[in-house]
Undergrad: 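Before we start, here is the structure in question, set down as structure tokens.
Lettering follows sequence order; numbering is per chain, from 1.
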Amino acid sequence: MKILVLINNVPDTTTKIRFTGDNTAFDTTRVQWIINPWDELALTRSVELKEAGAVEQISVANVGAQITEPTLRKALAVGADDAIRIDAEPKDAFFVANQLAEVAKDYDIILAGIEASDYNGSAVGGMLAELLDFNSVSAVSGLNIENGELVINREIDGGSQVLSISTPVVLIVQKGIAKEPRIPAMRGIMMARKKPLNVVAPADADAKTTLVDFTLPPPKAACKMVDEENAKDLVALLHEEAKVL
Amino acid sequence: MSILVYTENWDGKFKKLSFELVSYAAAIAKEMGSSVTALSIGEVADNELNKLGNFGAAKVLNVNDSRYNSFDNRALSMAVASAAQAEDAKVVIFAHTNLGKAIAPRVAIKLDAGLVSGVTELPSNFSPFIVQKKVFTGKSFTNVQVDADVKVLTFSQNSFELVETGGTAEIVAFDPQLGDDIFATSVKETNKVTGKVLLTDAEIVISGGRGMKGPENWAGLEEMADLLKAGLACSRPVSDEGWRPHTEHVGQTGKIIAPNLYFAFGISGAIQHLGGVSSSKVIVAINKDPEAPIFETADYGIVGDVQKVIPQLIEGIKEM
Ligand SMILES: Cc1cc2nc3c(=O)[nH]c(=O)nc-3n(C[C@H](O)[C@H](O)[C@H](O)COP(=O)(O)OP(=O)(O)OC[C@H]3O[C@@H](n4cnc5c(N)ncnc54)[C@H](O)[C@@H]3O)c2cc1C
């Protein structure tokens with residue numbers, strides 16, 4: 001089995017969100033970049049499966065400019081065998097999925113995160129599956145390989161399921177796929193320097209959407225406080241003033 | 001030309017969210033001089049299908065086929081795309097749920113459409129088509145322009161008022177004619193959450209954090225949830241510690257919810273937690289630390305000990 005893990009380079013989850021150019025672009029100054037949290041869990045599970053002997057090779061792929069290379073190096077340090085960077089500024093999910101389709105065809109399992117923590121698109125994995133005409137399973141919270149057969153846990157709206165599906169397949173993963181993201185060890189970081197990071201020229205593709213501008217949510221009114229001793233008053237406020245009880 | 005809505009049902013009954021989607025679609029159809037076709041896949045009885053008319057669907061395409069119960073993503077997207085083509089749909093609307101997120105991107109590719117996921121408002125403009133969505137996990141919004149003839153949207157639940165029109169829909173059987181070989185997903189086991197309010201459907205959510213101190217202290221929150229027909233949620237460390245099941249974890253890496261009322265008991269209000277709950281209409285925080293960041297986001301708050309506050313709230317609710 002060969003696994004490809006899609007790696008998105010996103011701002012650290014505590015980043016203060018600011019915009020430039022009259023609110024038309026995200027301000028990337030002073031931003032710390034990280035592996036998208038779900039991609040990091042997908043990678044962690046892949047490494048566990050490789051250690052268990054169920055997977056032979058793990059590649060990681062990213063569509064991005066050169067600034068994403070530290071993130072790919074980190075993925076190599078966590079345990080991927082090789083990395084692919086498609087050298088293009090990601091325009092939208094359609095564009096990114098088309099780029100990835102060029103490098104993804106030869107894998108048995110492709111793992112994508114359920115969303116990216118920046119633009120919250122939830123789209124690349126599904127689009128890629130469709131472009132490749134692969135099966136796909138979304139909201140995957142567990143993956144095991146038993147005698148070459150995939151055993152998958154997924155969340156449905158209101159429960160969970162255990163299922164199997166044939167490869168090649170795109171699995172769109174969420175929380176639960178691995179317990180904790182794996183932190184690269186010193187040895188991993190040293191080895192990562194020698195692992196291949198191949199830069200590929202982008203394919204011809206358009207975007208189908210453009211982000212016109214950004215707005216921040218309006219500032220909230222001050223929190224209305226109730227005394228600990230009179231906590232019952234809160235029930236009355238929620239009932240009569242906020243009308244939500 | 002039409003606006004197509006992919007409805008979701010649960011054991012043959014539509015979720016409230018499906019009616020919300022139809023209401024939203026009807027508002028778009030009005031602006032575009034079009035009409036709403038709702039697509040129902042699964043085993044839903046006619047009297048239930050009729051309800052969609054009352055929220056603005058002119059037509060219901062009914063795919064009554066148990067093979068789709070396995071939620072095979074490829075088969076579902078083929079069925080939706082063929083309905084969209086048959087109805088000449090210019091806008092196809094899904095819910096921003098696990099299922100909607102799974103199939104909308106595939107359908108967008110099939111229809112050569114532009115996809116916007118997690119929309120919260122009606123389009124602000126139709127030509128060009130511009131619609132707002134949340135980005136940075138609720139920390140900001142963006143206006144997205146779609147540069148394609150067909151638009152696919154996933155709609156964030158609890159963002160649009162239900163509108164009852166008193167209308168009726170024409171119900172038409174629809175068969176996308178898929179062979180058995182398309183259904184590749186083989187479900188071995190399904191565990192449904194029963195007897196509890198689904199967290200993502202709940203209008204009131206009661207959530208506990210590390211300040212609850214341990215799983216033995218959840219009885220009060222469970223009692224409140226019963227009294228208010230509310231869903232239960234928790235912060236990440238609480239599910240990581242195994243105090244509560246993972247299905248209750250909300251936040252950036254857990255479930256994203258937008259109830260009318262969110263209670264945070266002993267939750268500090270970390271940015272990753274707020275990412276999953278900040279779209280709630282009213283947030284209530286109970287925390288012993290007056291400096292806890294949750295109070296910056298909350299609408300109502302009590303600085304105090306959860307153990308002292310919870311019994312009083314229960315009493316208040318019972319008297320209500
Ligand atoms: C990449 C990433 C993703 C994450 N995703 C999520 C996520 O999805 N969801 C999530 O929740 N977290 C997430 N986190 C973790 C997040 O940063 C916080 O650590 C977490 O939300 C804190 O949980 P808490 O509020 O329950 O605990 P704490 O931060 O420990 O807060 C406990 C609070 O309880 C109060 N308290 C204590 N005792 C009492 C008492 N007797 N009465 C009243 N109040 C009391 C304290 O004052 C404190 O404010 C993520 C972190 C990272 C790095």
Side-chain angles (χ1 to χ4, degrees), chain A residues 13-14 17 37-38 93-94 114 117-123 125-127 129-131 135-139 155-166 172 175-176 208-217 220-221 223-228 231-232 234-239 242 244-245, chain B residues 10 71 73-74 97-99 101-102 105-106 109-110 114-118 130 134-137 139-148 184-193 198 200 246 252-254 260-261 271-272 282 295 297-302 304 308-309 312-313 315-317 320:
Chain A
T13 49
T14 55
I17 304 302
W38 295 273
F94 180 79
I114 194 152
S117 61
D118 49 3
Y119 296 108
N120 308 130
S122 301
M127 286 185 173
E130 187 62 37
L131 290 168
N135 293 319
S136 59
V137 183
S138 189
E155 281 223 5
I156 52 174
D157 303 293
S160 60
Q161 294 184 316
V162 184
L163 57 92
S164 69
I165 199 160
S166 54
I172 298 151
K175 174 184 195 216
K208 294 211 180 282
T209 56
T210 20
L211 303 185
V212 183
D213 56 12
F214 297 90
T215 43
L216 293 167
K220 269 211 123 153
C223 182
K224 202 166 199 169
M225 302 306 288
V226 174
D227 272 354
E228 187 185 20
K232 267 195 202 172
L234 178 63
V235 177
L237 280 170
L238 294 174
H239 184 55
V244 286
L245 268 189
Chain B
W10 187 240
F71 300 131
N73 290 355
R74 199 143 150 265
T97 52
N98 282 338
L99 195 53
K101 286 185 236 180
R106 299 196 72 131
I109 295 288
K110 283 186 188 295
L115 170 71
V116 187
S117 51
I130 297 177
K134 280 185 250 181
V135 284
F136 298 102
T137 322
K139 284 186 267 180
S140 157
F141 297 94
T142 184
N143 283 307
V144 186
Q145 177 174 325
V146 183
D147 309 304
T185 304
S186 153
V187 175
K188 312 267 187 227
E189 198 183 307
T190 299
N191 303 301
K192 288 193 177 177
V193 181
L198 285 185
T200 42
H246 282 291
Q252 171 154 3
T253 45
N260 287 330
L261 176 57
I271 197 151
Q272 297 94 351
V282 173
F295 289 121
T297 307
D299 303 279
Y300 295 93
I302 296 178
K308 288 202 194 120
V309 171
Q312 294 184 62
L313 293 180
E315 219 180 288
I317 292 165
M320 201 169 67

Undergrad: Working to the nearest 0.5 Å, report the span between OG1 of B/T142 and CG of A/N120.
TA: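 Those atoms lie 11.0 Å apart.
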
Undergrad: Report the residues that fulfil side-chain contact (heavy atoms from CB on, under 4.5 Å) with B/I317, sequence neighbours left out, ordered by chain and then residue number.
TA: A/V235, B/M224, B/L227, B/L228

Undergrad: Among residues at least two apart in sequence or on other chains, which ones pass side-chain contact (heavy atoms from CB on, under 4.5 Å) with A/S138?
TA: A/I114, A/I172, B/N73, B/A102

Undergrad: Find out whether B/T185 and A/N135 are in side-chain contact, i.e. whether some heavy atom of one side chain is under 4.5 Å from a heavy atom of the other.
TA: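 No, too far: nothing below the 4.5 Å cut-off.
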
Undergrad: How many angstroms lie between atom CD of A/Q161 and atom CD of B/E189, to the nearest 0.5 angstrom?
TA: 9.5 Å

Undergrad: Contact between A/K208 and B/V146 at the side-chain level, heavy atoms closer than 4.5 Å - yes or no?
TA: no

Undergrad: How about A/T210 and B/D147: do any of their side-chain heavy atoms sit closer than 4.5 Å?
TA: yes

Undergrad: Is there a side chain to side chain contact (heavy atoms under 4.5 Å, CB included) between A/L234 and B/V309 once you walk through the steps?
TA: CA-CA 10 Å; A/L234 178 63; B/V309 171; 5.8 Å; no

Undergrad: Over all heavy atoms of both residues, which pair between A/A231 and B/Q312 is shortest? Give the atoms and the distance, please.
TA: N-OE1, 3.1 Å

Undergrad: Nearest heavy-atom pair of B/K101 and A/S122: which atoms, and what distance?
TA: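 Distance-wise, the nearest heavy atoms are CD-OG, 3.5 Å.
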
Undergrad: Side chains of A/K220 and B/D299, heavy atoms from C-beta outward: is any pair under 4.5 Å?
TA: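 With C-beta onward as the side chain, the pair touches.
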
Undergrad: Given a strict heavy-atom distance threshold of 4.5 Å, which part of A/Y119 is in contact with chain B: side chain, backbone, both, or neither?
TA: both

Undergrad: Sort A/A93 into side chain, backbone, both or neither according to what part of it lies under 4.5 angstrom from a heavy atom of chain B.
TA: neither

Undergrad: Could you check which of A/G125, A/P217, A/P37, A/A139 has the highest count of heavy-atom pairs closer than 4.5 Å to chain B?
TA: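 Of A/G125, A/P217, A/P37, A/A139, A/P217 has the most heavy-atom pairs under 4.5 Å with chain B.
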
Undergrad: Any idea which heavy atoms bring A/D157 and B/L99 closest together, and the distance?
TA: OD2-N, 3.3 Å

